[in-house]
Structures are given as C-alpha cells and as structure tokens.
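Take a look at the structure below.
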There are 2 protein chains.
Amino acid sequence: MGSVLDQAGITAAALALVSKKGYDGLTMAALAKSLGVAPSALYNHVGSKDDVLRLVEEDLMSQVDSSVFASLPWEEAVKAWAYSYRDIFSAHTPLISVIAVLPVTDAPQTLAMYEAVTEGFLRAGFPEDRIIPCIVALEAYIFGAAFDATAPADIFDSGKLAESTPHFTAAVRSLGPVNYPSDLAFRMGLDALVAGFGALRGS
Amino acid sequence: MGSVLDQAGITAAALALVSKKGYDGLTMAALAKSLGVAPSALYNHVGSKDDVLRLVEEDLMSQVDSSVFASLPWEEAVKAWAYSYRDIFSAHTPLISVIAVLPVTDAPQTLAMYEAVTEGFLRAGFPEDRIIPCIVALEAYIFGAAFDATAPADIFDSGKLAESTPHFTAAVRSLGPVNYPSDLAFRMGLDALVAGFGALRGS
DNA sequence: GAGATAAATGAATGGCATTCATTTACTGAA
DNA sequence: TTCAGTAAATGAATGCCATTCATTTATCTC
C-alpha cells in the first residue's frame, strides 16, 4: 500500500481547488496536479468525478450547523440552521444539481444532519408524518436561495424594455440602491415558512 | 440571405432534442445534425451554447401561466402560477443553474411574466417595495422544488446506516409507501409562503 | 454582370473525463 | 532473504465536447 492518496486527502484538495479556482477549475487533471499525482491515479480511489463531488458534498454537510436544534427553541433553531445551510451552499451551487437528486444512502454526514433536524422537530411537537415534508420544503427553499445569493446585483435591470414593463420596473426601483434583495427576500420567505409550519405542532 | 437557420428554428430544435434525449443529448453537434447543418453554422446565429440555453429559457418562460393573475383572486393565482412554473422547470433543471443568475435584460418573455406577476401583487394591495422580495422568495422555492420533483423515490433510503438515524428513519417510514413526498411538501411550503406573504397586503 | 454580404462548410484546436496495459513499491509468507 | 502477490501510480490513448477560422457557396443590389 503506502498510498499518497486517500479520500480525505482528495476531498481536502478538491475543496482547496474550488475555493481558489471555482468549480470551473475543478477538473480531474487540476485535482491530480494539486496532489502531485497523475490524473489516472485518482481513479484508484474514486469511481468518477461525480464521486469527488459527493465527497465534497459530505464535507459541506458536516459544516451545516444542526447543533442549534439542541440549544435553541424550534423557531430560532430552524432559522439558524437554514441560514447556515444556505450560506455554505451559496458558494457551491454547482453541487446542488448533483446532490438534490442524490440518494442519501452511504452519506453519513448528510444523514446525521437529517437526524438532528428530525429530532428537533419531534422535540418541538411535530407529528412524525409531517416532518419529512417540512424538511423537503425547507431544503427546496434553501437550495433556491443559494442560487439567488450568487446572482449579480443588476439581475433585474430591464434595460431597453423598461417601458413595456412599467409596474415591474417601478417595483424594482422602489427597492432603492440595492436592487436585488436576496437577503431581505430570504428572511421574509423563511419567516413565512417557519410561521406556517410552526402551526403544525401538537399542543 | 435565405438562411436555413434562425433563432426560432434553433429554439424549436433544441426543445425537441431535449425532450427526446435530455440535456445530456443537447450538444451543438446533435443540434446541428437535427437541423441538417454543420455545427459551425450555428455560430452564425448564436454566440455560444449558453445562448441556446437562453433561447430555450425564454420559450419556457412564455409557457408559464401568469394569465391567472388577471382572472383569479391573489391566493389562488399565486398558487396556480407557482405550480405551472415548477411543473415546466422540473423537466429542465439543468437550465436553472444558468438562468437563476442571469440578468433579465433582453429577455422579453421573462420580463413579461414578471410584469404580469407584479401587476397581480399590486392589484392585491401589496406595498410596492415588498413585491420584488416576495417574487424572489417564491422563485427560489419554485426552483428548489423543481429539483425535488426529479429526485428518485428512494432518495431518503438510509440503507445500512438506518440504526444510527432512528428518528429520521422512522419519520421516513411514517410516510407510507410513497417515501418521497415531493408534491405534499410543495403544497405545504407554498401554502405557508402564500399565507405569510398575504399578510403584507394593505387593507 | 460585378461586387458585396450573409450563411454554410470542413478541418483544426484545446480541454475534458475516462480507460488500460504497464510498471513501481510495498507486504507477508516460505 | 527471497519471492509472489497486490495496491497504487504512470503515461499514452480514446472519444466527446464547444469553439474558431479560412474558405466556399448562394443570394441580393446596383
């Protein structure tokens, strides 16, 4: 044996590469180079590039703060968890298309997060059969919001077509200098989801 | 002139190709072949493959039903619009990563949709400066839910790690035979968002 | 009919993930 | 100490991809 490579090392190198060059720079060749190894050597440890993305996902999932469910009341815990989840994945949106569709089997960190969140919901008095739908809805919102967070500030600039969309253009203008209110929108939507779901709790 | 190709034809061919072979099958070579033309000929009409994706996006946006805002009360209109939006894009998730970040300038169909939705919110009594944040939050939710809708039914199968995640595993089991409740979750989240945002309306 | 212009061609380029036959280096048993 | 087995790394090759470019073809205008 005596291998230079292992999954932990590959994961760390992939994360470093992504933070330095972005997901466009995450190629098997670049990853191998950063590990001082030939590209084909990676295939002794991962089956494909998608495997690398899965390793990165697992690492990120373990960074999502689900400990808040043990220390805060449910409303605050959900919000803190959601912010943490979104903040982490807004820097990793290319992963979302991969993971949103990925079975959770063999993803221990991801499962651990779901377990902590589920426990938090149970402790807050949710009926067991409503918990997964709530989590699914919250995750959908979080993933969508992660994309938003990376959008350019002028995404809603209607340009030449402003005259044909007067109400929309006025609504955008009314926001003032910051015309892409990603953070305000995230807070508003999260508040609405938490308020709506909170009503499902048993007494 | 007398060109075999134009943007409408390219858009139609791209949509046909996607519905037949999926987004993996949407290559410039395959697109050109389906149009009876050499791949390089496409570049006289579009600047890049991303341009093709933008054309497809515009076409899909025009299919989203925003006419409901003219005929239904606000709550029902938002829900009908959201369902239509999600249903269309759940078959086109690879576009989401592109468009969620894309400026709306020079996207007339997309702008027309935003204008119709904005008018619906105004008519329902929303303060002008809350409308865009509401739309942003709803869109985030819709895009995220579009990913969910394509997930496999057994995405939450915890497999060998079931014993270490007892609460989560039980919550999944309590859902019964269908263990990925994408539709239920979408309805629940949408109801919560609509209820929460509806409270912002002026009297 | 001449010249301009728009459009299509086919050959090239460079990057990409992945495969595979081969070699290297280490292990544990005789 | 030798030798066989094995895990890991190598480098060359494959096939697909988007994109570019010099060149040709066809059409329209004067």
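The structure presented is a predicted model; accordingly, all values stated were derived computationally and were not measured. Proteins come first, then strands; the chains are lettered A, B, ... in the order of their sequence lines, and each starts at number 1.
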*Nearest-Å distance for atom pair NZ/C1', residues B/K33 and C/dT9*: 17 Å
*asked:* Base of D/dA9, side chain of A/N44 - is there a donor-acceptor contact under 3.5 Å?
replied: yes
*Measure the distance from NZ on A/K21 to C1' on C/dG15 and round it to the nearest whole Å.*
15 Å
_Rounded distance (Å) that lies between atom P of D/dC21 and atom OH of B/Y43_ = 13 Å
*Measure the distance from OH on A/Y23 to P on C/dG15 and round it to the nearest whole Å.*
23 Å
*Give the rounded distance in Å between these two atoms: NZ of B/K49 and P of D/dC16.*
15 Å
*Quick one: A/D24 CG to C/dG14 C1', roughly how many Å, whole number?*
16 Å
*Taking atom P of C/dT9 as reference, at what distance in whole Å does atom CE of B/M28 sit?*
14 Å
Let me have the donor-acceptor pairs involving side chains of residues 106-123 of chain B, under 3.5 Å, with sequence neighbours excluded, atom names and distances please.
residue	atom	partner	partner atom	Å
B/T110	OG1	B/E58	OE2	2.7
B/Y114	OH	B/E139	OE1	3.0
B/Y114	OH	B/E139	OE2	2.5
B/E115	OE1	A/H167	N	3.3
B/E115	OE1	A/F168	N	2.8
B/E115	OE2	A/H167	N	3.1
B/E115	OE2	A/H167	ND1	2.8
B/T118	OG1	B/Y114	O	2.7
B/R123	NH1	B/F69	O	3.1

*Worked verdict on A/D191 versus A/R187 for salt bridge (Lys or Arg N to Asp or Glu O under 4.0 Å)*: CA-CA 6 Å; A/D191 286 351; A/R187 185 172 58 70; 3.8 Å; yes
*Choosing from C/dA8, D/dA8, C/dA17, which nucleotide comes nearest the side chain of A/H45?*
D/dA8
*Rounded to the Å, how far apart are A/I10 CD1 and D/dA8 P?*
11 Å
*Taking B/S90 for its side chain and B/R86 for its backbone only, find out whether a donor-acceptor pair lies under 3.5 Å.*
yes
*From D/dA9, D/dT19, C/dT18, pick the nucleotide closest to the side chain of B/S48?*
D/dT19
*Could you tell me whether A/S40 contacts a base, only the sugar-phosphate backbone, or nothing, with contacts defined as non-hydrogen atoms closer than 4.0 Å?*
base
*Do B/T93 and B/T150 meet the criterion of a side-chain donor-acceptor pair at a distance under 3.5 Å?*
no
